[in-house]
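Remember, it's a predicted structure, so these values are computed and weren't measured experimentally.
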Amino acid sequence: MIIKEKPPVHDQLEFFIRQAEAARPIRTAVVHPVDGNSLVGAIEAAEHGLIEPILIGPSHKIQAVAQEHNLDISRYELLNTEHSHAAAELACDVVRNGDAEAIMKGHLGTSELLSAVVHKTRGIRTERRLSHVFVFDVPNYHKPLIITDAAINIVPDLMCKRDIVQNAVDFCRSLGVELPKVAILSAVEKVKPNLQSTLDAAALCKMADRGQITGGLLDGPLAFDNAISKEAAEDKHIVSEVSGEADILLAPDLEAANMIAKQLIYLANAKSAGIALGAKVPIILTSRSEKTLGRLASCALASHMVLDQHVSE
């Protein structure tokens, strides 16, 4: 169990890591960790008490990488497969058998891993679409900020956006936010028939009114400025409980979400971590360029999801 507390203003990812370290490690299927970044990242997370790794992939390659980087993996379970695709399939088998609570991406493509996850018979899909959340600690924003979906759904339609929002709301609640505030982004704040993102925003808000989306407070369409700044909203005479207090930003599509995320990282010095949601277990998707903080924080976020579900059950 993780005790839910409000994170400090600019120590947010580290705070989530400390919370997860104080709980138990989650059993995590690490898929194809056959390069230094992926194997070192998994072992670092294990040494911090965040995960209990199950290493899945060609055993001779994993052992060679461990030897190269002076890693002792003898205490961890190692399941041998011939190649990365088989490793992804076996990881899903391990989850379905109840032996793993999360999946961590190693040295394979995201699409290869997710294709195994969503397989109709051997996968671990649910009734919801998969989606990705970035969690940001932005220096000039007063709380954690979640952006979705910047990695999986390219041009989501209305029902896909419904799942993306619900995934993000449930995730945000697992971090201790009782009523996550969701800003549905567009280029303008009014509904425009020729701008699909504004129509989707209006529909999503009404779906929340009718109980098709639960657990969050939605408002949109909102432009980025009046989603983040209460003052910007007031200047445009927008009355909104979400403006200036957004926990979640839903972008119109993957391109917009990805550009917002990259701008926050490279222009605003934001710290970030992310996971994929909507499967039976959270999926830790770390890039090859991910720094130690991002890898550990992504594992910690998965821990919050897993242990919160166990408490709820």
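- Between the side chain of K143 and the main chain of E245, a donor-acceptor pair closer than 3.5 Å is present.
- Contacts of E255 classified as salt bridge (charged side-chain N to carboxylate O under 4.0 Å, His left out), with partners at least two apart in sequence or in another chain: none.
- Rounding to the nearest 0.5 Å places CG of L249 at 10.0 Å from OG1 of T148.
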Steps toward side-chain hydrogen bond (donor to acceptor under 3.5 Å, both in side chains) verdict (N167, S131): CA-CA 7 Å; N167 286 342; S131 61; 2.9 Å; yes
Audit row: I283, L114, side chain to side chain contact (heavy atoms under 4.5 Å, CB included) steps and yes/no: CA-CA 9 Å; I283 302 168; L114 295 185; 4.1 Å; yes
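- Looking at residues two or more places apart in sequence or on another chain, you find a ring-ring contact (aromatic ring centres under 6.0 Å, His included) between F136 and F134.
- Under the rule for a side chain to side chain donor-acceptor pair (under 3.5 Å), K280 has no partner lying at least two apart in sequence or in another chain.
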Hey, can you pull the donor-acceptor pairs under 3.5 Å for the side chains in residues 212-225, sequence neighbours left out?
residue	atom	partner	partner atom	Å
D219	OD2	S240	OG	2.5

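- Rounding to the nearest 0.5 Å places CG of L145 at 7.0 Å from CG of L264.
- Listed by chain and number, the residues in a salt bridge (charged side-chain N to carboxylate O under 4.0 Å, His left out) with D200 are K161 (sequence neighbours excluded).
- Ring-plane geometry between H32 and H107 is classed as parallel, the angle between the planes falling under 30 degrees on a 0 to 90 degree scale with a further cut at 60.
- Rounded to the nearest 0.5 angstrom, R210 CZ and C205 SG are separated by 12.5 Å.
- Taking H119 as the reference, T121 meet the side chain to side chain donor-acceptor pair (under 3.5 Å) condition, with sequence neighbours excluded.
- In the hydrophobic clustering of ILVMFWY residues, with side-chain heavy atoms under 4.5 Å counting as a link, L90 and V31 come out apart.
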For residues 56-72, dump all side-chain donor-acceptor pairs below 3.5 Å to protein atoms at least two apart in sequence or in another chain.
residue	atom	partner	partner atom	Å
S59	OG	N80	OD1	3.2
D72	OD1	S74	N	3.1
D72	OD1	S74	OG	2.6

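- When atom types are taken as modelled, the side chain of H132 and the backbone of A150 share no donor-acceptor pair closer than 3.5 angstrom.
- Residues D163 and E127 come closest through the heavy atom pair OD2-O, 4.2 Å.
- Between the side chain of K230 and the main chain of A233, no donor-acceptor pair closer than 3.5 Å is present.
- Taking 4.0 Å as the cut-off between side-chain N and carboxylate O, R24 and E52 do not count as a salt-bridged pair.
- No donor-acceptor pair under 3.5 Å is formed between the side chain of T28 and the backbone N or O of I103.
- Cluster annotation: V169 is connected to F171 through the hydrophobic network of ILVMFWY side chains, with a link wherever side-chain heavy atoms come within less than 4.5 Å.
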Worked verdict on D11 versus K271 for salt bridge (Lys or Arg N to Asp or Glu O under 4.0 Å): CA-CA 10 Å; D11 190 24; K271 296 177 286 189; 5.1 Å; no
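- Residues satisfying the salt bridge (charged side-chain N to carboxylate O under 4.0 Å, His left out) test with E77, not counting sequence neighbours, are R27.
- Here the rule is side chain to side chain contact (heavy atoms under 4.5 Å, CB included) with S303, and of V306, L301, L307 only L307 fits it.
- Of all heavy-atom pairs between A227 and L185, the closest is CB-CD2, 3.8 Å.
- E112 and S84 form a side-chain donor-acceptor contact under 3.5 Å, judged by distance and modelled atom types alone.
- At a threshold of 4.0 Å, the pair R128-D170 counts as salt-bridged, since one of the basic side-chain nitrogens sits closer than that to a carboxylate oxygen.
- Distance check: I51 CD1 to S298 OG gives 11.0 Å after rounding to the nearest 0.5 Å.
- Residue I154 is found in a hydrophobic cluster whose other members, listed by chain and number, are V155, L254; membership requires side-chain heavy atoms under 4.5 Å apart, directly or through intermediates.
- No continuous path of hydrophobic side-chain contacts links I43 to I54 [ILVMFWY only; heavy atoms under 4.5 Å].
- Residues passing the salt bridge (charged side-chain N to carboxylate O under 4.0 Å, His left out) test with R125, sequence neighbours excluded: none.
- By the side chain to side chain donor-acceptor pair (under 3.5 Å) test, H85 pairs with E89, sequence neighbours left out.
- Note that CE of M259 is 12.0 Å distant from CD1 of I147, once rounded to the nearest 0.5 Å.
- In this structure, C172 and I146 approach most closely via the heavy-atom pair SG-CD1, 3.9 Å.
- Closest of all the heavy-atom pairs between E101 and P282 is O-CD, 3.6 Å.
- Taking each heavy atom of G294 and A273 in turn, the nearest pair found is O-CB, 3.8 Å.
- Following chains of ILVMFWY side-chain contacts shorter than 4.5 Å, one cannot reach L158 starting from L195, and the two form parts of different hydrophobic clusters.
- Using a distance-only test at 3.5 Å, with no hydrogens or angles considered, a donor-acceptor pair links the side chain of D247 to the main chain of K181.
- Taking every heavy atom of both residues into account, P180 and I248 meet most closely at CB-CD1, 4.0 Å.
- No single ILVMFWY cluster, assembled from side-chain heavy atoms under 4.5 Å apart, contains both V177 and I275.
- A distance of 4.0 Å separates CD1 of I238 from CD of E189, quoted to the nearest 0.5 Å.
- Residues satisfying the side chain to side chain donor-acceptor pair (under 3.5 Å) test with N153, not counting sequence neighbours, are R129, D149.
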